[in-house]
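Below is one structure; the comments refer to it alone.
Throughout, a chain's letter reflects where its sequence line sits, starting with A, and its residues are numbered from 1. Just so it is clear, the model here is predicted, and its values are computed rather than measured. Any value given below was found using the heavy atoms of this structure, including those in side chains, with hydrogens, waters and symmetry copies removed.
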2 protein chains.
Amino acid sequence: MPRAPQRLTRKPATPAPRRTRPVPKPEAMPFDRRQQILVEAARLFAAKGFEATSVRDIANATGILAGSLYYHFASKEELFVAVHAAGMEILIRTAQDAIRDVRDPWDRLAAAAAAHCTALLESSDFMLLVVPNFPKSIGQYRDELIRQRDEYEAIISQVVAGLDLPPTIDPRLFRLHFIGALNWTQSWFRPASGLTPAEIGRQLVAMLRPPTIPGSESPSS
Amino acid sequence: MPRAPQRLTRKPATPAPRRTRPVPKPEAMPFDRRQQILVEAARLFAAKGFEATSVRDIANATGILAGSLYYHFASKEELFVAVHAAGMEILIRTAQDAIRDVRDPWDRLAAAAAAHCTALLESSDFMLLVVPNFPKSIGQYRDELIRQRDEYEAIISQVVAGLDLPPTIDPRLFRLHFIGALNWTQSWFRPASGLTPAEIGRQLVAMLRPPTIPGSESPSS
DNA sequence: CTATCAAACGAGCGATTGTTTGGCAAATTT
DNA sequence: AAATTTGCCAAACAATCGCTCGTTTGATAG
């Protein structure tokens, strides 16, 4: 049951059946409403877009009323920024973990591509990349969003810089097209297609990687 | 004067007979209101997104009142579909023109890429590709939109099929990543960057094309 | 002159939008 | 036990949404 509006307030006058942990250990994430709102908002933003999703939709999916959202978030826009930040955090962490132990430049790129696709397609609700230049009404938070993206793209830039590209290829354009192809997967990927996200990412690198020349195999580290 | 709400109402000397009746003097292109609405709608959809653009915005930019839009278009959604169709038409025509006289398979791909980028970035208002899975509210028109896209992608499919790809590369994935990288350019391209759209497209093909082997230089078939 | 028609106006409909406010029970702190 | 904070409800708010509809204007055809 994906949608379970649990309204555990106001009602229990005296009865024993407690829905929550009787003693919510302060450490143990006492049924974090804020997180729950974030998840539902992400799902709806991804499914319908920012503008088409109303705060009542989000509240309803969470099991609370619209006005109650404003206890946790100052505005709908701030909620969007929070979802975006969570997504970028996943993306950055996944990518860094993936390339940490890989030495060969092209293998690093392949690892990064696989990680990018995996995060993008398996946590897709949080990956609001494809909201093109994001909702125009986002206004004041725009710079913050761009900063979050740049932080990730810097990682890819560094991996690309390690490649030994022919002089005819502009590394910047290489990175832009590389990330572009990966990001676009979100608009055509279907889980049932038999291809895993990681395979899709690695295949892209296979297209870009220069063919191994029979004469020279593994020249050096 | 970029935005000139020209309210020359009551004025249409030859009132653009969109539907029926008399012979529409084809000579003077009599200030087609429908076309004008289409252009303004495209600009606003591209700038702010479908949901964030109100019919009053569009009417205002055109120099008429909101209600008057409904003489030309049955609904806001139908207007969106019309803009999308116009964009796809541009894209299809541009691509077909570009590859018509090119024989070499990789050169054909380069020509298609250059054409795609040019159409995408220079008529960008009409290219509503990046509206992710388009507005969910589009509902009943969804199939029509998909059909319009598939018609274009079929052209690229045919060009890709002409390539002599290594057996490790799936042509379908090649096409998806290829189109993905091209479509994504819309989210980072800035006209002042010194790169032309055509160059950006050709550079992508340069990254994908296998390096010319010094020994064999003859273009077979 | 009269009838018809395209094209727009202008008012307003009901519904929905994001947000604010006041209050209240439960949980926590003092 | 008292005081305070937390988390939410319930109701409203002004603004805006897509859209409808009766009316009016100017042009053209018979």
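- Taking only side-chain atoms of B/Y71, from C-beta outward, the nucleotide of C/dA6, D/dG18, D/dC8 with the closest atom is C/dA6.
- Atoms CD (B/E77) and P (D/dG18) sit 11 Å apart, rounded to a whole Å.
- What separates OH of A/Y70 from P of D/dC13 is a distance of 18 Å, to the nearest Å.
- Using a 4.0 Å cut-off, no side-chain N or O of A/S54 falls inside it from OP1 or OP2 of C/dT16.
- Take the nearest nucleotide of DNA chain C for A/A74 and for A/D57: the residue whose nucleotide is more 5' is A/D57.
- A donor-acceptor contact under 3.5 Å is not formed by the side chain of B/R56 with the base of C/dG10.
- A/E51 places no side-chain N or O within 3.5 Å of a backbone atom of B/K48 that could act as its donor or acceptor partner.
- Taking only distance into account, the side chain of A/R33 never meets the base of D/dG7 through a donor-acceptor pair shorter than 3.5 Å.
- Listed candidates were D/dT20, D/dC8, C/dC9. Nearest to the side chain of B/I64 is C/dC9.
- In this structure, B/N60 places its CG atom 11 Å from P of D/dC17, rounding to the nearest Å.
- By the 30° and 60° cut-offs, the orientation of the rings of B/W188 relative to A/H177 is perpendicular.
- Spacing between atom CG of A/L65 and atom C1' of C/dG22 amounts to 15 Å, rounded to whole angstrom units.
- When distances are taken from the side chain of B/S68 to each of C/dT19, C/dC9, C/dT17, the shortest belongs to C/dC9.
- The side chain of B/H72 places an N or O atom within less than 4.0 Å of a non-bridging phosphate oxygen (OP1 or OP2) of C/dA8.
- Summarising the geometry, the separation between CZ on B/F80 and P on D/dG18 is reported as 14 Å, rounded to the nearest angstrom.
- If you take CZ of B/F50 and P of D/dC17, they are 13 Å apart, rounded to a whole angstrom.
- For B/H116, the ring pair (Phe, Tyr, Trp, His ring centres under 6.0 Å) criterion is met by B/Y152, not counting sequence neighbours.
- Ionic pairing of A/R43 and A/E40 is present here: one or more N-O contacts between side-chain nitrogen and carboxylate oxygen are shorter than 4.0 angstrom.
- A salt bridge links A/R147 and A/E151; the closest N-O separation between the charged side-chain nitrogens and carboxylate oxygens is under 4.0 Å.
- For the pair A/L69 CG and D/dA10 P, the interatomic distance rounds to 15 Å; values are reported in whole Å.
- As a whole-Å value, the separation of B/E51 CD from D/dT16 C1' is 14 Å.
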